[in-house]
Amino acid sequence: MIRAIGFCLLALPAMAQEVPRFVEETASAGLTHSYTGGWEHMVGGGVAVFDCNGDDKPEVFMAGGTGPAGFWRNDSATGGALTLTPIDAGLGLTAVTGAYPIDIDSDGITDLAILRVGEDVLMRGLGDCRFTRANEEWGFDGGDAWSTAFAAIWEAGLAFPTLAFGTYIDRTQEAFPWGNCTDNSLHRPDGRRYGAAIPLTPSFCTLSLLFTDWNASGSKSLRVSNDREYYKGGQEQMWHLPSGEPPRLYTEAEGWKRLRIWGMGIASTDLDADGYPEFFLTSMADHKLQTLVAPAPGTLPDYTDVAWAKGVTAHRPFMGDDPRPSTGWHAQFADVNNDARADLFVAKGNVWEMPDFAAADPNNLLLQGPDGVFVEAADRAGVASTLTARGAAVVDLNADGALDLLVVNRNAPAQVWRNVGPVGNWLRVALSQPGANPAGVGAWVEVRVGDHLQRHEVTVGGGHAGGIWGALHFGLGAANAAELRVIWPDGSVSDWQTAPANQAVTIRP
């Protein structure tokens, strides 16, 4: 629990839709890196962000492709300019496509699941930003595929998390890759080691995975986003995960609609606070914002697309004179102006000189208004780069409560921008529970100001080839305090508690 603070809660104060200003500090921050490579690195290029030295300022790990991956200690001054110092953390692997931070052994020290063209590697955190290979110690078979997606969840009663790895094309079929997708795999633990990989067949060249409680049932399902460019006869997928039983696909008889897109990334949040998350799916031109047709307990997975109505189609470049469709990769919901409404960042970039798609393809920063409709602001905010983006992270790098932006570009320099405002008040919420899964992966965190409610699910996965590990960020607008509670992974619900604005808090059962 947290200590209750004696603040009076009022209805959410009115706040204009501010467009925050971002200042690029790539050079001054010391970030020098590119995600390089040809065919085997046309996808991937993720970034993992997590605090590994306990100073509440997250470090940065970036995939390198044909070059070595990069790791930077975050030496930024609180509220000041960004400073990223390259250090040797034992993570200089090559052929890395992405990485996700997670505490696999629940020792309070962040580990890394590293995706590669070749063997995937689990790196155990040793503390103070040092890591060591743990495949053998944890019985993990890293395989020899072209890995491009990852997600994790703690199933009830298990000491280690269940890991899902998504793979892409059979790279021995470079001359004719179409239809040659390799199997995704599920790795369930047996005690504190992993058993044999469980193939998720059929698989259709996956580029994003996410465990989510999509129907508020208390059970997680695995969403899968697939690239239709290379599969034959496939579609988007969702898997049941019955405890102790083999996974099985949702079927059309269960309400699952056939959907075929060039699936690149998944972003999720509960936009309307109705208890059921929405899903933004990046693609080539045909981006989707999915919401349940009839959200209710026991509902079927019957989704409808509201991207056009909500202003998040992002299907063409919003500036410049290139009329061809856009290509989206990493997407993330995040409140960049702290007005208590989730905004949406989308990293954009042509796959590889594909002539039917835009070459100059600026990233999107879509700000959500009070009516729930999003408006493009990347150009006004200063983040409309037209380099060939892949992975990204919207995260507070200098601990000032304003979310900054990192973007990994393919065969071009990575970029970092500092958010210099204006922004509203904020709250940063971390979870801590005893035993396995101390960070509460799978929980829902709810923050309320007056009758305005925000809900975020604690997940590991989604995006494109990378993610963030740490506290959840909530904007509060002009409010000076908020109420918050947690729906824990076991279904227990904490009492509403009060916290002041502009603070980092930790909630315990």
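- For the residue pair T36 and T66, a side-chain donor N or O sits within less than 3.5 Å of a side-chain acceptor on the partner.
- Distance alone, capped at 3.5 Å, places no donor-acceptor pair between the N180 side chain and the E174 backbone.
- Cation-pi contact between R171 and W39: absent, since separation from the ring centre below 6.0 Å together with deviation from the ring axis within 45° is not met.
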- [ ] Applying side chain to side chain contact (heavy atoms under 4.5 Å, CB included), run through F61 and I114 and close with a yes or a no.
- [x] CA-CA 10 Å; F61 174 81; I114 298 181; 4.0 Å; yes
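- Within the structure, the salt bridge (charged side-chain N to carboxylate O under 4.0 Å, His left out) test picks out the following pairs touching residues 183-211 (sequence neighbours left out): E155-R188.
- With no hydrogens or angles considered, a side-chain donor-acceptor pair links T182 and T167 at under 3.5 Å.
- Side-chain contact check for H456 and T269: at least one donor-acceptor pair (N or O, by modelled atom type) lies under 3.5 Å.
- Annotation: W469 is not in aromatic contact with F50 [ring centroid separation under 6.0 Å not met].
- The closest side-chain heavy-atom distance from R316 to P325 is below 4.5 Å.
- Within a 6.0 Å sphere centred on CD of E136, heavy atoms belonging to other residues, nucleotides or ligands number more than 12.
- The pair R73-D128 fails the salt-bridge criterion, with no side-chain N (NZ, NE, NH1 or NH2) lying under 4.0 Å from an Asp/Glu carboxylate O.
- T299 contributes a side-chain N or O that, together with a main-chain N or O of A294, makes up a donor-acceptor pair within less than 3.5 Å.
- In this structure, R223 is not positioned above the aromatic face of W214 in the sense of NZ or CZ being under 6.0 Å from the six-membered ring centre and within 45° of the axis.
- Checked against the 6.0 Å centroid threshold, F140 and F165 count as a close aromatic pair.
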